[in-house]
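Presented below is the structure to which this report refers.
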Amino acid sequence: MFKNFTAVLTCLMCATQGATQTFFGHSNTDCVEFLKYNETTGVDTFVGNWIEGYFSGRIRETGRDLQIVNDLDIPLYDLLHKTCKTDPTLNLHEAADIVYVSIP
């Protein structure tokens, strides 16, 4: 019985770890890769969804009132793209942090 419980618990931990890696996958993407993809393929909807989720999580984490993002329909993807063009040595997480802090 204990062996079965250990096996199930191990499987659950591995499944959770994979989901976490998927969730955070775009944050480690280099800006150079992001910019190249954008040039050849166009807007990356996965990154677009990621930046929206990133902002949602940061707003919840910090308690900031960024209603202005919704009111003015600020294009977060475009701001991320601009930040990456300004400093392509960043990864998307670092660029998103810069965007987040720059919004009043």
ask   = In Å and rounded to the nearest 0.5 Å, what is the CG to OG1 distance from Asp30 to Thr89?
value = 9.5 Å
key: Nearest atoms (heavy-atom pairs only) where Cys31 meets Leu92   = SG-CD2, 4.3 Å
ask   = Quick check: does any side chain N or O of Glu94 sit under 3.5 Å from a backbone N or O of Asn91, one acting as donor and the other as acceptor?
value = yes
query = Would Trp50 and Val32 show up in the same hydrophobic cluster when neighbours are defined by side-chain heavy atoms closer than 4.5 Å?
reply = no
query = Just how far is it from atom CD1 of Ile98 to atom SG of Cys84, taken to the nearest 0.5 Å?
reply = 8.5 Å
query = Taking all non-hydrogen atoms of both residues, which atom of Leu35 and which atom of Pro88 are closest, and how far apart?
reply = CD1-CB, 4.4 Å
ask   = Do Tyr37 and Thr29 meet the criterion of a side-chain donor-acceptor pair at a distance under 3.5 Å?
value = no
request  = Would you please say whether a donor-acceptor pair under 3.5 Å links the side chains of Asn38 and His81?
outcome  = yes
message = Working to the nearest 0.5 angstrom, can you tell me the gap between Thr83 OG1 and Leu90 CG?
response = 8.0 Å
query = Does Arg64 make a cation-pi contact with Phe55, if we ask for NZ or CZ under 6.0 Å from the ring centre and within 45° of the axis?
reply = no
ask   = Which heavy atom of Val47 sits nearest a heavy atom of Phe34, and at what distance?
value = CG1-CE1, 3.7 Å
message = Quick check on the hydrophobic clustering: are Ile103 and Leu80 connected, directly or via other members, by side-chain heavy-atom contacts under 4.5 Å?
response = yes
inquiry  = With side chain to side chain contact (heavy atoms under 4.5 Å, CB included) as the criterion, how do Asp44 and Tyr77 come out once you've worked through the C-alpha distance, each side chain's angles and the decisive distance to 0.1 Å?
reply    = CA-CA 9 Å; Asp44 186 341; Tyr77 184 93; 3.9 Å; yes
query = Side chains of Ile59 and Tyr100: closer than 4.5 Å at any heavy-atom pair?
reply = yes
ask   = Does some side-chain heavy atom of Asn28 sit less than 4.5 Å from a side-chain heavy atom of His93?
value = no
query = Could Glu33 and Lys36 be called an ion pair, given the rule that one side-chain N must be under 4.0 Å from one carboxylate O?
reply = no
